[in-house]
Amino acid sequence: MNIALIKEYHEDMPRRQAQQLAVEYLERVDLGHIAYKRNPALNPEERFCGMLLRAAMVKDAMILIDQPFKIIPHLKDIQFITTALKKIDDLYLSCHIYDYKWMEEKYGEL
Amino acid sequence: MMSFWENLGRRVIQMLTAFADTIVFAGKVFIRIFRRKTYSSAMREVLLNQIYFTSVQILPVFLMVSILFGSLLIGIVFQLLKEFGLTGFFGHVLMGLIVTELSPLLTVLLITLRSAAAINTEMAVMKVNREIKTLEMFRIDVIDYLLVPRVINGIISIVLLSSLCSIVLLVSGTLFSWLIFGMSIDVYTNILLNATNFSDILIALFKCAIYGFFITLIPIRFGLRASHELTSIPIVVSQGMVNVFAAILIIEVLSLLTKLL
């Protein structure tokens, strides 16, 4: 529910409304069930999506992902991340991914 | 010999600087309390949770301690008054000592042991886990979101719990005045009303508010001093708690001086 905090604080959105919105966004990435879990209870994919949504909650969000394969080390390619980004593409203005040159092959044609 | 004076001087300067820093920090937080922008939906939620953790969850233990300790204390004081033939001062002792001095002190000690220690540790853990940095990254003001709700909660909780403690003490006083002096409730109430000094009660409530402000502010301040290493947590917690107890003593002495003047 840390995702809801951004709206509660910056837009003074009532708690229930902000939490409903956070759950709705989590459901978009098929993670509605993690809404009330704490960070240590999440697996790397869930944690990544949580961080992504938290970043997207800011008004006119510009998302910058630094070394995504460090957050989800077992991923073989970028597909999981691009799919998650597509599902919430109306929530941010732009997204930039930064990584080392030697990780290039994991990104394919992206 | 010179190094002794140098060390002493350095210590005094450090102490005075730390004291001045705390006062400046307290001023900053105090100003935020009166700023409308501080009261966002997120802050109000934290405030409600804090009041629940500090004032409501503690109620069973607090009531039990107040009843046991209060009854014991009142029994001893009444017995002493009777032995020394000071029955005439009964009302003044009850209002002046027990209600305006001992119940705020008992309350602040209980809340310090339970909540101030928890707040100190919570802040230190948040600093170590870089949660404070994450909040700052999202432009969430740490003073507004974390500090002000805890400080307001401290003020509200101490004032309310101290008043509750006073009520418990006065009720046990009814029982002991009947047992020791054979006094009826009417006479007891009359003596209490005659001994009540409105300004003393105001000073006591003001003192409770000051207690509440500082016993939450100091642990927060020390908790935020933690570095990013786990080993810094016990250090800042022990420093914070020592400083809280020093603050309690200073406030107690200042309130006594206010009464004397």
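What you are looking at is a predicted structure, and each value in this text was computed from that prediction instead of being measured. Order of the sequence lines sets the chain letters (A, B, ...), proteins ahead of strands, with each chain counted from 1.
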>> What part of B:Arg44 gets within 4.5 angstrom of chain A, counting heavy atoms only: side chain, backbone, both, or neither?
In response: side chain

>> Would you say CE of A:Met62 has more than 12 non-hydrogen atoms from neighbouring residues, nucleotides or ligands within 6.0 angstrom?
In response: no

> CG/B:Leu135 to CG/A:Asn2 distance, rounded to the nearest 0.5 angstrom?
Replying inline: 8.0 Å

> Between B:Ser41 and A:Arg15, which heavy-atom pair has the shortest distance, and what is it?
Replying inline: OG-N, 3.5 Å

> What do you reckon, is CD of A:Gln79 surrounded by more than 12 foreign heavy atoms closer than 6.0 Å?
Replying inline: no

> How about B:Gln14: does its CD atom have over 12 heavy atoms from other parts shown lying under 6.0 Å from it?
Replying inline: yes

> Could you go step by step and tell me if B:Arg139 and A:Ile6 meet the side-chain contact (heavy atoms from CB on, under 4.5 Å) rule?
Replying inline: CA-CA 9 Å; B:Arg139 282 194 301 114; A:Ile6 318 286; over 6 Å; no

> Just wondering, are more than 12 heavy atoms of other shown residues or ligands nearer than 6.0 Å to CZ in B:Phe69?
Replying inline: no

> Are B:Asp141 and A:Tyr9 close enough, and set up right, to give a side-chain contact (heavy atoms from CB on, under 4.5 Å), and what steps lead you there?
Replying inline: CA-CA 9 Å; B:Asp141 192 303; A:Tyr9 184 84; 3.1 Å; yes

> With side chains defined as the heavy atoms from C-beta onward, is the minimum distance between A:Leu5 and B:Glu45 less than 4.5 Å?
Replying inline: no

> So how far is it from B:Thr134 OG1 to A:Arg54 CZ, rounded to the nearest 0.5 Å?
Replying inline: 5.5 Å

